[in-house]
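Everything on this sheet refers to the single structure shown next.
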Amino acid sequence: MAARAAGAAGARQMAKGLWWLVLFYGVVHMSAHAGDIQSHKSIRQTAESYVYTQLSHSDGKLTATAGQLDRRLKLNACSQPLEAFFSSNRQNSARKTVGIRCTGGSGWTIYLPVTTSLMREVVVATRELPRKTLLTTNDLVMEQRDVAQLSSGYFEETRLALGKRLRRTLHVGDVITPSQLTASKTIKRGNRVIILAKAGSIEVRMSGKALSDGATGDRIKVVNDNNRKLEATVVKAGLVRVTL
């Protein structure tokens, strides 16, 4: 009884490990002649080539490595070129799942994990940077990183991070991500501002006051000296723009 139970448990474990590996439209022959089976190498190469093709437009050095297939797995040799496809639309991570389909003969479909690496130059911290640091050129440098692992995003130009404040402390070599930064307030509530109003080719400037804080590019409320409230876009310190 104990032996039978152990055997059943082992069979269940093997089935669990292989369920994701292959779906058959035909029959898998576990004891086929060497010339009648599809080589594992060709399946893996098809999966890797497909990833290279789909991501070849990306800048940087890309590598793709397909997972190994179980040596006991023997699939009928396909009479047609193998077809590859992503198993879902969500393929942004470093680990992707690629389906390989045979449409010739009895047909079969198999799914392989493919691990990718894409090396690019990204913005990283040059030193220990405390929370609320206002970033300058001395704080940032470009270094190679595997961006396939950077699910939180990254910057490819230092200028995109300059003038922004850190939400948390960073260490030497940490990648700068958009979620770590907050825009520095260019204008604060109560500041005197010049309101630039444009209507076609006509441009008018008037004095006013900011009713809220705002960083460059933000929309804020202002009031002009005639006590008219307006919504304006922050251009730079002391200057906002409204479109009439």
message: Distance check, rounded to the nearest 0.5 Å: R241 atom CZ versus I194 atom CD1?
response: 15.0 Å
query: Atom NZ of K221 and atom CD of E231: how far apart are they, to the nearest 0.5 Å?
result: 4.5 Å
query: Got V234 and I220 here, is their nearest side-chain heavy-atom distance under 4.5 Å?
result: yes
- prompt: Near K185 NZ, under 6.0 Å, is it more than 12 heavy atoms from other residues, nucleotides or ligands?
  reply: yes
- request: Please check if the side chain of D146 supplies one atom and the backbone of L118 the other of a donor-acceptor pair under 3.5 Å.
  value: yes
query: Should I176 and L150 be regarded as members of a common hydrophobic cluster, given that ILVMFWY residues are connected when their side-chain heavy atoms come within less than 4.5 Å of each other, either directly or indirectly?
result: no
- prompt: Which atoms form the tightest heavy-atom contact between I187 and A210, and what is the distance?
  reply: CG2-CB, 3.5 Å
query: Within the distance-only criterion (no hydrogens, no angle test), does the side chain of E48 pair as donor or acceptor with the backbone N or O of A66 below 3.5 angstrom?
result: yes
message: Please check: side-chain N/O of R167 versus main-chain N/O of L181, any donor-acceptor pairing under 3.5 Å?
response: yes
message: So which atom in A125 and which in L129 form the shortest heavy-atom distance, rounded to 0.1 Å?
response: CB-CD1, 3.7 Å
task: Decide yes or no on side chain to side chain contact (heavy atoms under 4.5 Å, CB included) for L170 and D139, but give the supporting numbers first.
output: CA-CA 11 Å; L170 295 181; D139 303 322; over 6 Å; no
- prompt: Does the separation of the ring centres of F86 and Y50 fall below 6.0 angstrom?
  reply: yes
- request: Answer with yes or no whether the hydrophobic clustering places V122 together with L62; edges join I, L, V, M, F, W, Y residues whose side-chain heavy atoms lie under 4.5 Å apart.
  value: yes
- prompt: What's the verdict on side chain to side chain contact (heavy atoms under 4.5 Å, CB included) for V141 and V124, showing C-alpha distance, side-chain angles and the deciding distance?
  reply: CA-CA 6 Å; V141 70; V124 303; 3.4 Å; yes
task: Would you check if T137 and L162 make a side-chain contact, meaning some heavy-atom pair closer than 4.5 Å?
output: yes
task: Output the distance between atom OG1 (T233) and atom CZ (R219), rounded to the nearest 0.5 Å.
output: 4.0 Å
- prompt: Do R192 and S207 come within less than 4.5 Å of each other through their side chains, counting heavy atoms only?
  reply: yes
field: R228 atom CZ: more than 12 heavy-atom contacts under 6.0 Å
entry: no
message: Measuring only between side-chain heavy atoms, which start at C-beta, is R127 closer than 4.5 Å to N138?
response: no
query: Hey, is the main chain of P113 close enough, under 3.5 Å, to the side chain of T97 for a donor-acceptor pair?
result: no
- request: Using the side chain to side chain contact (heavy atoms under 4.5 Å, CB included) rule, take T186 and D218 through it: C-alpha gap first, then chi angles, then the decisive distance, then the call.
  value: CA-CA 9 Å; T186 308; D218 285 351; over 6 Å; no
field: From CG (L166) to NZ (K132), nearest 0.5 Å
entry: 12.0 Å
field: In one Ile/Leu/Val/Met/Phe/Trp/Tyr side-chain cluster, 4.5 Å: V123, Y154
entry: no
message: I'd like to know if the side chain of Q38 and the backbone of C78 have a donor-acceptor N/O pair within less than 3.5 Å.
response: yes
query: Looking at L230, V204, L196, which hits side-chain contact (heavy atoms from CB on, under 4.5 Å) with V242?
result: L230
For R131, all residues meeting salt bridge (Lys or Arg N to Asp or Glu O under 4.0 Å), sequence neighbours excluded: none
message: Return the OG to CD distance between S117 and Q149, rounded to the nearest 0.5 Å.
response: 7.0 Å
task: Verify side chain to side chain contact (heavy atoms under 4.5 Å, CB included) between T136 and L134, making sure each step is shown before the conclusion.
output: CA-CA 7 Å; T136 68; L134 184 65; 5.6 Å; no
message: If hydrophobic clusters are built from ILVMFWY residues whose side chains come within less than 4.5 Å, do L140 and M142 share one?
response: yes
message: If I compare all heavy atoms of V222 with all of A232, which pair ends up nearest, and what's the gap?
response: CG2-CB, 4.1 Å
message: Are T63 and Y52 packed together at the side-chain level, in the sense that at least one heavy-atom pair is separated by less than 4.5 angstrom?
response: yes
query: Do you know which two heavy atoms are closest between T169 and P130, and how far apart they sit?
result: OG1-CA, 3.8 Å
field: Any side-chain heavy-atom pair of D225 and M206 under 4.5 Å
entry: no
- prompt: Can any side-chain N or O of R44 pair as donor or acceptor with the backbone N or O of G67 at less than 3.5 Å?
  reply: yes
Minimum-distance pair of heavy atoms, taken over all atoms of I100 and W108: O-CZ3, 3.9 Å
side-chain contact (heavy atoms from CB on, under 4.5 Å) involving R189 - partner list, sequence neighbours excluded: D213
- prompt: Quick one: are V51 and V98 in side-chain contact, heavy atoms under 4.5 Å?
  reply: yes
- line: Rounded to the nearest 0.5 Å, the OG1 atom of T46 sits from the CG atom of L82 at a distance of 4.5 Å
message: Between V114 and L55, is there shared hydrophobic-cluster membership here, with clusters defined by ILVMFWY side-chain heavy atoms closer than 4.5 Å?
response: yes
field: Validation row: F155, V175 side chains within 4.5 angstrom (heavy atoms)
entry: no
query: What's the shortest heavy-atom distance between S106 and N76, and which atoms?
result: OG-ND2, 2.9 Å
